[in-house]
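Chain A is the first sequence line, chain B the second, and so forth, proteins listed ahead of strands; every chain is numbered from 1.
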Amino acid sequence: MMVVEWLREHSPDIVLLQEIKCENAAFPSEFFEDLGYNIALHGQKTYHGVAILAKLPIEDVIRGLPDFEDPQSRYIEALVGAVRVASIYVPNGQEVGSDKFYYKLNFYNRLKAHIKQSLEAKEISVWGGDYNVAPFLADGPNEEAFKGERILTSQKEREAFRELLWLGLTDAVRVQYPEDTPHGQHLFSWWDYRANSWAQNKGFRIDHLLLSPPAADRFEAAGIESQVRALDKASDHAPVWVKLR
DNA sequence: ATGGTAGCAAAGCTA
């Protein structure tokens with residue numbers, strides 16, 4: 001598996017996975033255990049499914065957003081050492097105005113309420129995953145991609161994401177690469193399989209690592225491993241990482 | 001405006 005090779009090379013302390021697309025029992029745990037990872041799963045057949053891998057023990061696991069009845073497995077949170085982490089797969093929303101779109105906005109509302117409450121504990125926290133929103137113009141290929149009401153870039157979606165930021169969270173990759181970073185530096189995290197998007201570098205930055213203030217205080221570096229997208233049979237997403245002291 | 005590709009799972013849905 002490509003992800004196993006990548007983990008062997010980089011050996012991150014904590015890994016947040018989205019779209020594992022299988023029940024817990026079908027997850028290939030042994031491959032990750034062989035690399036020294038503990039595993040917490042919130043799996044689901046066919047679609048969705050999230051996971052946390054960590055070198056240290058994984059404690060106090062929460063599966064699903066609190067106070068949100070959700071038949072889809074899109075949220076898992078846990079304590080790893082002194083760090084609280086969450087692996088999040090925000091709904092795609094399919095089309096602006098559709099039922100799935102309002103489910104997405106609803107998910108954002110519930111996520112905001114949960115994060116707001118969590119921040120009161122002043123822990124070192126990282127909420128990471130596929131947010132399915134490109135929050136700023138620099139997070140898409142051109143201004144055209146932000147016009148009209150398209151999924152990932154619509155006004156309501158970008159507002160929903162920014163409301164998370166206004167709670168006091170720090171977008172780790174944006175700290176490393178300020179918004180005026182020129183285009184063409186592959187500062188995207190996802191390229192559609194369709195329409196030759198990767199070859200034309202028509203991607204979006206929709207995968208984010210959001211840091212609580214105590215986590216932001218320990219920020220060292222962040223980035224996106226975009227070259228992984230060029231591999232044969234690659235995921236349409238590239239790994240996003242942050243290093244904290 | 002449409003359709004382009006890929007994964008899962010076995011036709012069509014999701015992204």
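Spacing between atom CG of A:D232 and atom C1' of B:dT5 amounts to 14 Å, rounded to whole angstrom units. In this structure, CH2 of A:W198 is placed 17 Å from C1' of B:dA6, rounded to the nearest angstrom.
Under the 30°/60° scheme for interplanar angles, the aromatic rings of A:F204 and A:F188 are found to be tilted.
Residues A:F32 and A:F27 place their aromatic rings such that the two centres sit under 6.0 Å apart.
Under the 6.0 Å distance and 45° angle rule, A:K21 does not count as a cation-pi partner of A:Y47.
Taking the charged nitrogens against the carboxylate oxygens, A:E19 and A:R74 have no contact shorter than 4.0 Å, which rules out a salt bridge. A:R8 has no carboxylate O lying under 4.0 Å from a charged side-chain N of A:D34, or vice versa, which leaves the two without a salt bridge.
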List the atom pairs, with distances to 0.1 Å, where a side-chain N or O of residues 105-113 of chain A and a protein N or O form a donor-acceptor pair under 3.5 Å, not counting sequence neighbours.
from: A:Y108; atom 1: OH; to: A:Y131; atom 2: O; distance (Å): 2.7
from: A:R110; atom 1: NE; to: A:P66; atom 2: O; distance (Å): 3.0
from: A:K112; atom 1: NZ; to: A:E163; atom 2: OE1; distance (Å): 2.6

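Taking atom C1' on both B:dA11 and B:dG7, the two are 14 Å apart, rounded to the nearest angstrom. Here, B:dT2 and B:dA6 have their P atoms 23 Å apart, quoted to the whole Å. Across B:dG4 and B:dT14, the matching C1' atoms stand 15 Å from one another, rounded to whole Å. Comparing B:dG3 with B:dC13, their P atoms are spaced 15 Å from each other, to the whole Å.
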Under a 4.0 Å heavy-atom criterion, the protein footprint on nucleotides 8-15 of chain B, written with B, S and -, is SS--BBSB
